[in-house]
Amino acid sequence: MTVKKICCIGAGYVGGPTMAVIAKQCPDIQVTVVDLNEARIAAWNDQDVNKIPVYEPGLSEVVSEARGRNLFFSTDVDKAIDDADMIFISVNTPTKTYGAGKGQAADLKWIELCARQIARVSKTDKIVVEKSTLPVRTASTLKDILQHTGNGVKFQILSNPEFLAEGTAVEDLLAPDRVLIGGDQNEEGKKAIEALVSVYARWVPRERILTTNVWSSELSKLTANAFLAQRVSSINSLSELCEHTEANINEVARAIGTDSRIGPKFLKASVGFGGSCFQKDILNLVYIARSYGLTEVADYWEQVIIMNDHQKKRFANKIIKTLYNTVNGKKIAFLGWAFKKDTNDTRESAAIYVADHLLYEQAQVAVYDPKVPAQQVYVDLDYLATRSSEENGKLVQIHNDPYEACKGAHAVAVLTEWDEFKHYDWKRIYDNMLKPAHIFDGRNILDRAQLESIGFKVCPIGS
Ligand code: UDX
Ligand code: UDX
């Protein structure tokens with residue numbers, strides 16, 4: 001079967017960029033991205049492509065090439081579903097905040113709603129593709145709902161997890177290490193797999209398109225994120241040991257990263273990993289393991305999260321301790337709020353937790369981030385519900401200018417590795433700060449020797 005029309009439910013950080021790239025690479029396939037959130041769809045349709053809701057290097061160009069040609073953003077979900085032969089589900093699957101599995105299990109409420117809507121609307125056979133990261137065996141839930149509530153049409157369920165990283169989404173989509181497609185291992189399933197393979201094969205070499213059974217594919221996505229996060233927690237755990245032993249974490253990372261069995265990637269010590277996936281997916285893995293009674297397996301992976309929480313707290317505590325054990329009323333400038341550079345996404349960003357800890361000690365936090373809107377910082381802090389939004393409003397200021405953010409501060413903390421931070425006029429920042437002027441480099445991106453020669457007291461991670 002040849003795919004002619006694709007629908008994607010969910011116009012977020014994954015659905016938006018993924019569909020834009022599919023539309024760019026397959027001009028003969030009509031791609032419609034739908035979302036319940038009208039404001040988000042309106043933003044994707046904004047005349048000015050620089051105002052689309054997701055910031056990713058290169059994405060505006062891709063959208064401007066394909067939008068209106070074969071890429072459409074719409075709120076008419078029913079119509080897009082009915083028209084399509086292939087439907088991607090790319091809605092959010094956050095960690096449950098209530099009931100059984102609270103704090104660990106994935107909340108599949110939106111996935112189920114999508115399945116029911118697809119079943120209700122569809123009048124022709126469809127291939128349904130799980131794009132969101134889902135717990136292993138979710139496809140069986142989807143199948144159950146689709147088969148028992150549908151209009152008698154046939155559904156094939158595929159798992160095609162997304163491995164793009166934010167900030168490099170377009171690059172990752174255009175030249176992926178691999179594309180993973182899982183499906184039923186019977187004749188119908190294999191046909192469905194082949195239909196999706198032929199979409200990606202337009203630009204991805206065949207040998208990079210891996211096909212598996214649907215359960216392996218679902219579990220591989222959770223596992224990939226768990227392994228990546230584990231590397232960050234592993235190097236972060238050693239960063240603390242380095243600080244006690246005069247070893248230097250950058251040197252250690254380089255030394256072990258040159259071992260080809262280990263490799264250089266994902267060995268950057270940091271203030272802690274963030275983002276929408278790592279924590280959610282590991283918690284989910286822990287929950288699944290525990291639900292099968294696999295206590296040791298669950299504990300093993302949970303430690304990755306415990307280590308990450310520790311790293312964020314440790315960074316905040318180091319600031320407090322260095323500033324003579326009190327930050328009450330002291331201005332601390334945050335450079336960066338996003339969970340990593342080149343994205344405007346702040347979900348689970350380490351900055352949120354470090355700020356929260358400092359605010360608990362009554363610090364004044366001044367935030368500058370090149371891409372995160374001011375309002376988002378308050379939304380993130382209010383979401384924690386540690387204190388009232390009035391208090392957050394009083395204790396936290398947002399700046400559009402990094403030099404203003406740092407003016408009169410006791411300390412500067414680098415929370416995100418934005419490239420521009422490296423090129424600031426640090427002498428000018430130093431001159432306008434209180435002395436001694438401290439810098440806490442949570443990303444190890446600044447030139448320590450240069451800063452020390454200006455007069456800063458510098459505290460990197462892991463040395
Ligand atoms: C999603 C999944 O959450 C994650 O599990 C997966 O690993 C990657 O894809 P992301 O695209 O980053 O993540 O989420 P988000 O930016 O929140 O986008 C989801 C969109 O789905 C939102 O715009 C939301 O409005 C929309 N949505 C949600 C629907 O259109 N319908 C729903 O029923 C629920
Ligand atoms: C991740 C996976 O990489 C991607 O394949 C998956 O599909 C979604 O989740 P993403 O969350 O966008 O992507 O970002 P990633 O680049 O993996 O970084 C995650 C976090 O780890 C960030 O906060 C980052 O700053 C941190 N990190 C990463 C480190 O602290 N050190 C490193 O060496 C690498």
Side-chain angles (χ1 to χ4, degrees), residues 8-19 33-41 43-44 53-54 56 73-75 77 80 88-95 106-118 130-135 138 161-169 172-173 176-178 180 220-222 224-236 239 249 253 257 264-282 284 308 311-312 336 338-351 415-417 442-445 461:
C8 172
I9 310 180
Y13 282 89
V14 168
T18 308
M19 292 303 129
V33 189
V34 294
D35 202 296
L36 293 176
N37 183 335
E38 288 178 18
R40 207 160 207 190
I41 290 297
W44 279 109
V54 169
E56 277 292 340
F73 295 92
S74 160
T75 48
V77 185
F88 286 80
I89 302 183
S90 196
V91 300
N92 37 336
T93 52
T95 304
D107 193 341
L108 299 182
K109 159 173 91 169
W110 306 116
I111 297 288
E112 179 170 341
L113 281 175
C114 285
R116 290 186 185 278
Q117 189 166 15
I118 294 169
E130 300 176 338
K131 191 51 125 172
S132 306
T133 306
L134 296 169
T138 304
E162 192 45 74
F163 294 106
L164 68 83
E166 289 176 35
T168 51
D172 294 346
L173 286 161
D177 285 348
R178 66 359 195 142
L180 180 59
S220 296
K221 170 65 199 222
L222 288 182
N225 278 346
F227 270 64
L228 291 170
Q230 183 195 43
R231 283 175 69 98
V232 178
S233 272
S234 298
I235 201 77
N236 282 345
S239 73
I249 197 66
K265 291 183 184 152
F266 267 74
L267 285 178
K268 272 191 226 106
S270 67
V271 54
F273 61 73
S276 68
C277 287
F278 280 6
Q279 169 153 320
K280 163 175 79 75
D281 292 351
I282 296 173
N284 195 207
N308 195 47
Q311 188 76 348
K312 294 181 273 189
F339 81 97
K340 62 188 238 185
K341 73 173 180 179
D342 292 340
T343 178
N344 59 349
D345 194 352
T346 64
R347 287 176 288 180
E348 293 300 332
S349 179
L415 276 304
T416 311
E417 73 280 24
R443 297 288 183 164
N444 287 348
I445 55 164
I461 300 271

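By convention here, the first residue in the shown sequence is residue 1. Each ligand, and each atom within it, is numbered from 1 in the order the structure gives.
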Using the side chain to side chain donor-acceptor pair (under 3.5 Å) rule, take Y13 and N344 through it: C-alpha gap first, then chi angles, then the decisive distance, then the call. CA-CA 10 Å; Y13 282 89; N344 59 349; 2.8 Å; yes
Taking it one step at a time, do I9 and I118 satisfy side chain to side chain contact (heavy atoms under 4.5 Å, CB included)? CA-CA 10 Å; I9 310 180; I118 294 169; 4.2 Å; yes
What do the steps show when you test L180 against F163 for side chain to side chain contact (heavy atoms under 4.5 Å, CB included), and what is the final call? CA-CA 9 Å; L180 180 59; F163 294 106; 3.8 Å; yes
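Proximity of V91 to I89: side-chain heavy atoms (C-beta onward) are separated by under 4.5 Å at one or more points.
No part of T343 comes within 4.0 Å of ligand 2, judged by heavy-atom distances. With a heavy-atom cut-off of 4.0 Å, A165 touches ligand 2 through backbone and side chain alike. When non-hydrogen atoms are compared, ligand 1 lies under 4.0 Å from neither the backbone nor the side chain of P94. Residue contacts with ligand 2, taken as heavy atom pairs separated by less than 4.0 Å, do not involve Q279 at all. Contacts of L113 with ligand 1, taken as heavy-atom pairs under 4.0 Å, are absent altogether. When heavy-atom distances to ligand 1 are checked against a 4.0 Å cut-off, K131 has no atom that comes that close, whether in backbone or side chain. No part of K109 comes within 4.0 Å of ligand 1, judged by heavy-atom distances. With a 4.0 Å heavy-atom cut-off, ligand 2 is reached by the side chain of L228 but not by its N, CA, C or O. Contact annotation: for K265 versus ligand 2, there are no heavy atoms closer than 4.0 Å.
Although no hydrogens or angles enter the test, the distance criterion places a donor-acceptor pair under 3.5 Å between the side chain of S239 and the main chain of N236. E56 contributes a side-chain N or O that, together with a main-chain N or O of G167, makes up a donor-acceptor pair within less than 3.5 Å. For K221 (side chain) and E162 (main-chain N/O), a donor-acceptor pair under 3.5 Å exists by modelled atom type. Proximity of a side-chain donor or acceptor of R443 to a complementary backbone N or O of I461 within less than 3.5 Å is not detected. Checked by atom type and distance alone, the side chain of T168 pairs as donor or acceptor with a backbone atom of A165 at under 3.5 Å. Judged by distance alone, the side chain of S132 and the main-chain N or O of L134 form no donor-acceptor pair under 3.5 Å. With hydrogens and angles ignored, the 3.5 Å screen pairs a side-chain donor or acceptor of D107 with a backbone N or O of K109. Remark: the backbone N or O of I445 is not paired with any side-chain donor or acceptor of E417 at under 3.5 angstrom. Panel note: side chain T416, backbone A338; a donor-acceptor pair is recorded below 3.5 Å. Between the W44 side chain and the A11 main chain, a donor and an acceptor come within less than 3.5 Å of each other.
Distances below 4.0 Å separate heavy atoms of L267 from the following atoms of ligand 2: 33 (O). Taking every heavy atom of G12 and a limit of under 4.0 angstrom, the matching atoms of ligand 1 come to 11 (O), 15 (P), 16 (O), 18 (O). Of all the atoms in ligand 1, the ones that sit under 4.0 Å from a non-hydrogen atom of C277 are 7 (O). Applying the 4.0 Å criterion to heavy atoms of S90 picks out, from ligand 1, the atoms 19 (C). Ligand 1 places these atoms under 4.0 Å from at least one heavy atom of N37: 25 (O). Near K221, with a cut-off below 4.0 Å to any heavy atom, the atoms of ligand 2 are 6 (C), 7 (O). Which parts of ligand 1 touch G10 is read off a 4.0 Å heavy-atom cut-off, strictly below it: atoms 20 (C), 21 (O), 26 (C). Below 4.0 Å from some heavy atom of Y13 lie the following atoms of ligand 1, by number and element: 10 (P), 11 (O), 12 (O), 16 (O).
Scanning the protein for heavy atoms near atom 1 (C) of ligand 2, the closest one is F278 CE1, 3.5 Å. Here the protein heavy atom with the shortest distance to atom 28 (C) of ligand 2 is F266 CE2, 3.5 Å. Counting protein heavy atoms only, atom 4 (C) of ligand 2 is closest to L164 O, 3.3 Å. Closest to atom 11 (O) of ligand 2, if we only count protein heavy atoms, is F339 CE1, 3.5 Å. When hydrogens are left out, the protein atom nearest atom 12 (O) of ligand 2 is E166 N, 2.6 Å; that is the closest non-hydrogen contact. Nearest protein neighbour of atom 27 (N) of ligand 1, counting heavy atoms only, is V91 CG1, 3.7 Å. Nearest protein neighbour of atom 25 (O) of ligand 2, counting heavy atoms only, is R443 NH1, 2.6 Å. If you check which protein heavy atom lies closest to atom 2 (C) of ligand 2, you get N225 OD1, 3.5 Å. In terms of protein heavy-atom proximity, atom 5 (O) of ligand 2 is closest to F163 O, 2.8 Å.
Using cut-offs of 30° and 60° for the angle between ring planes, the F273 and F278 rings count as perpendicular.
With P135 as the partner, the side-chain contact (heavy atoms from CB on, under 4.5 Å) test is satisfied by one option alone out of D281, N284, T93: N284.
At least one N or O atom of L36 sits closer than 3.5 Å to an N or O atom of ligand 1. In terms of polar-atom proximity, defined here as any N/O pair under 3.5 Å, D35 does make such a contact with ligand 1. Remark: ligand 1 and W110 share no N or O pair separated by less than 3.5 Å (distance only, no angle test). When only interatomic distances are considered, the shortest N/O to N/O separation between I9 and ligand 1 does not fall below 3.5 Å. Residue contacts with ligand 1: K280 is placed with a nitrogen or oxygen under 3.5 Å of a nitrogen or oxygen of the ligand (distance criterion only). Ligand 2 has no nitrogen or oxygen under 3.5 angstrom from a nitrogen or oxygen of S276.
Contact annotation: K341 has no heavy atom less than 4.0 Å from any atom of ligand 2. In this structure, R231 falls outside the shell of residues with a heavy atom less than 4.0 angstrom from ligand 2.
With F339 as the aromatic partner, R347 does not meet the cation-pi criteria of under 6.0 angstrom to the ring centre and within 45 degrees of the ring axis.
When the heavy atoms of S270, A351, G274, G442 are ranked by distance to atom 30 (O) of ligand 2, first place goes to S270. Considering only non-hydrogen atoms, atom 16 (O) of ligand 2 lies nearest to K340 out of E162, R347, K340, E417.
No more than 12 heavy-atom neighbours from other residues, nucleotides or ligands sit within 6.0 angstrom of NZ on K268.
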